[in-house]
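Keep in mind that what you see is a predicted model, and the values were worked out from it rather than measured.
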Amino acid sequence: MIKTELGDIQLLQPWSTFVMKLKMSDSLIKTALKMTNDALIEKNKPYGKSLAGQIDEEWGLMDKFLSEEYLNLKNYITQASTQYTIMANVQNNSNIEDNNLPNTTISEIWSVHQYDNEYNPIHLHTAQISGVFYLKIPEYLPTKKQHQEHDTDDGSIVFINNSAGNNGMGGLIPWGNKSYLKVNPQVGDFYLFPACMYHTVYPFRTETGKEERRSVSFNVFIN
């Protein structure tokens, strides 16, 4: 509900999906870095074979994630997923009572250690909510070709939806609904989105060719 001089304005948009962005605290980032550092050193939970990414270093984290050491991180993801579910229900004009909050369960979680020229093709996940947060972002080389729309493609994650094209409603309004959302994440950025939403991650290049971009992805079911 938005309060204006015209009165209260409510946007009813049950046909759209949305991406929710949060910013993780420094302490949570530090905790997640330790968890993923340990997984990278141990290399005993390979996860890449079940994933779409053209990425060598992807490691399962569930065993570590469920331990007492990472309880604060687990609680954060669970609370964020619950809030996402509440907001999705509000958008569909179906409020959730405080005494009947959704029970969200993290079904899988893995680390992604991405290096030069690696990428994730367009894909979706098999859950209800998916998420990703970022722990390391290297300095990229400039894109090879400078175009206004594409000069920030390298290293970005792109969320793809089925909304209308850029020409708007027959030219009657000065904007249109893009069918994609491109973001260039920074350390600590945390995104939640519908698991059925197609998305892709562009490759990047760095000065040494060996700089790591590290993220953690997860899937959530709503009970």
Side-chain angles (χ1 to χ4, degrees), residues 17-41 43 45-61 73 76-77 80 109-125 130-161 163 166 177-195 197-219:
T17 54
F18 61 92
V19 177
M20 187 174 87
K21 179 183 178 182
L22 299 168
K23 195 74 174 181
M24 299 173 70
S25 67
D26 290 343
S27 62
L28 281 174
I29 294 171
K30 183 177 179 180
T31 297
L33 277 170
K34 181 182 184 308
M35 179 175 66
T36 54
N37 281 337
D38 290 346
L40 191 58
I41 292 170
K43 296 183 182 296
K45 296 288 182 181
Y47 216 70
K49 288 185 178 181
S50 63
L51 302 173
Q54 301 299 303
I55 297 170
D56 289 335
E57 298 274 5
E58 296 176 295
W59 302 99
L61 300 174
L73 183 60
Y76 181 84
I77 295 176
I109 182 169
W110 63 96
S111 61
V112 180
H113 309 263
Q114 184 179 357
Y115 296 90
D116 283 44
N117 300 313
E118 295 186 320
Y119 66 96
N120 242 315
I122 295 175
H123 67 289
L124 47 71
H125 294 186
S130 291
V132 59
F133 57 89
Y134 294 85
L135 303 176
K136 289 185 178 183
I137 300 291
E139 183 176 347
Y140 307 137
L141 289 175
T143 184
K144 290 183 177 180
K145 294 183 178 180
Q146 298 294 323
H147 298 289
Q148 184 175 3
E149 184 179 354
H150 298 291
D151 59 3
T152 57
D153 282 353
D154 292 3
S156 65
I157 181 171
V158 182
F159 301 99
I160 304 165
N161 207 344
S163 57
N166 292 329
N177 296 318
K178 280 191 173 182
S179 59
Y180 68 90
L181 169 66
K182 180 176 66 177
V183 295
N184 295 92
Q186 303 300 314
V187 171
D189 285 356
F190 181 106
Y191 296 94
L192 283 167
F193 52 96
M197 177 180 284
Y198 281 100
H199 55 287
T200 183
V201 179
Y202 286 135
F204 58 83
R205 299 174 302 123
T206 63
E207 186 70 36
T208 66
K210 300 178 180 179
E211 301 299 317
E212 178 194 2
R213 171 174 133 150
R214 185 180 303 184
S215 60
V216 173
S217 296
F218 57 90
N219 288 326

Can you see which heavy atom on [X] is nearest to which on [Y], and at what distance?
| X | Y | answer |
| --- | --- | --- |
| Glu211 | Tyr115 | O-CD2, 3.4 Å |
| Ser111 | Thr36 | CB-CG2, 3.8 Å |
| Met24 | Leu28 | CE-CB, 3.9 Å |

Residues 45-54, side-chain donor-acceptor partners within the protein, below 3.5 Å, at least two apart:
residue	atom	partner	partner atom	Å
Lys45	NZ	Asp63	OD2	2.9
Tyr47	OH	Glu108	OE1	2.4
Ser50	OG	Tyr47	O	3.0
Gln54	NE2	Ala52	O	3.4

Under the salt bridge (Lys or Arg N to Asp or Glu O under 4.0 Å) test, which residues partner [X], sequence neighbours left out?
| X | result |
| --- | --- |
| Asp56 | none |
| Lys30 | none |
| Glu57 | Lys43 |

Would you say [X] and [Y] make side-chain contact, with heavy atoms under 4.5 Å?
| X | Y | value |
| --- | --- | --- |
| His113 | Glu58 | no |
| Met197 | Val19 | yes |
| Ile77 | Ile109 | yes |

Candidate pair Asn219 and Ser130, rule side-chain hydrogen bond (donor to acceptor under 3.5 Å, both in side chains), full reasoning:
CA-CA 4 Å; Asn219 288 326; Ser130 291; 2.7 Å; yes

Name the atoms and distances for all side-chain donor-acceptor pairs under 3.5 Å in residues 131-142, with sequence neighbours left out.
residue	atom	partner	partner atom	Å
Tyr140	OH	Arg213	NH1	3.3

Tell me whether the rings of Tyr191 and Phe159 are parallel (<30°), tilted (30 to 60°) or perpendicular (>60°).
tilted

Flag if over 12 foreign heavy atoms under 6.0 Å of CG, Leu40:
yes

Looking at residues at least two apart in the chain, or sitting in another chain, which of them share a side-chain contact (heavy atoms from CB on, under 4.5 Å) with Asp153?
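Once residues adjacent in sequence are excluded, the partners of Asp153 under the side-chain contact (heavy atoms from CB on, under 4.5 Å) criterion are His150, Lys182, Tyr202.
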
